[in-house]
2 protein chains.
Amino acid sequence: MTFEHPDREDLDLSAVLHALSDPQRRRIVAELAAGEEPRPCGSFAPGITKSTRTHHFRVLREAGLVEQWKEGTSKMSRLRRDDIDARFPGLLDSVLGSKAVAQV
Amino acid sequence: MTFEHPDREDLDLSAVLHALSDPQRRRIVAELAAGEEPRPCGSFAPGITKSTRTHHFRVLREAGLVEQWKEGTSKMSRLRRDDIDARFPGLLDSVLGSKAVAQV
DNA sequence: GGCTTAGTTCGATGGGCATCGTACCACAAA
DNA sequence: TTTGTGGTACGATGCCCATCGAACTAAGCC
């Protein structure tokens, strides 16, 4: 089963910035950017409820920041860095920059 | 009369990203970045009400994106590009990049 | 078939936000 | 001093959002 992922050309800057404006989501994105292995959703953002996590991942996915797919019983996530970089060059790097991430 | 402007060290990434996630505010920021002369608030974002414009400028000011001061009967605004660039290098440039601005 | 594990869905809650209109304030010009 | 102009304050409206718990689903394992 797949989910709706916006095409690269359809990425909306407002949606991306809004998705990145939440500290929890920014933390997820930072973790995804750090370790390059796709990981199940459950291994992110400890301390928040499952349903809240589901919500955050949907926001990230619908903004086009992450790609998700099912693998067995868990759901994997990958950062769509290439697409984001193509549409908004430098944005992800600046948001994930050292000072910025420290502020998560 | 002055207004509360956050210090450079107190700039909050979440607040900045949230402020930039609104198309109207992004348009204001883009106009401020384009013409380097400070301009009165009223000359921005035609088509929205005065009160809405006041609201947007307050969000931008409290996020630390613009500096404002009174000059006679009007209120001038200036983009705090130096502070933003110092805290979040590359962020403003990527948000105001050609593709990005075209999407405003 | 049952149990477990990983996520989703749903409803609720509390809060914030973008927008508006109207009333108000401060300053300047006539 | 009166009038106009640029901007603020306030209240209302309608919407969206972050968070939670509880009930549910789907996939694997015993």
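Throughout, protein chains are lettered first and strands after them, A, B, ... in sequence-line order, and every chain is numbered starting at 1.
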Problem set entry | Check: A:Ser21/A:Arg26 side-chain N/O donor and acceptor closer than 3.5 Å |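 A:Arg26 and A:Ser21 do not have a side-chain donor-acceptor pair below 3.5 Å.
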Exercise. With no hydrogens and no angle check, do the side chains of A:Glu71 and A:Trp69 hold a donor and an acceptor under 3.5 Å apart?
Worked result: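 The criterion, which ignores hydrogens and geometry beyond distance, is satisfied for A:Trp69 and A:Glu71.
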Problem set entry | Interatomic distance where CZ belongs to A:Phe44 and P belongs to C:dA6 [whole Å] |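 Interatomic distance, CZ of A:Phe44 to P of C:dA6: 14 Å.
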Problem set entry | Pairwise side-chain hydrogen bond (donor to acceptor under 3.5 Å, both in side chains) hits with a residue in residues 45-60 of chain A, at least two apart |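 Qualifying pairs: A:Arg25-A:His56.
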Exercise. What pairs with A:Ser74 under side-chain contact (heavy atoms from CB on, under 4.5 Å), at least two apart in sequence or on another chain?
Worked result: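 Applying side-chain contact (heavy atoms from CB on, under 4.5 Å) to A:Ser74 gives A:Pro40, A:Met76.
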For this session: Using side-chain hydrogen bond (donor to acceptor under 3.5 Å, both in side chains) as the criterion, list what pairs up with A:Asp83, not counting sequence neighbours.
Result: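 If we apply the side-chain hydrogen bond (donor to acceptor under 3.5 Å, both in side chains) test to A:Asp83, skipping adjacent residues, the hits are A:Arg8, A:Arg80.
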Exercise. What string of B, S and - do you get for nucleotides 8-30 of chain C, 5' to 3', when a contact is any protein heavy atom under 4.0 Å?
Worked result: BB-------SSBBB------S--
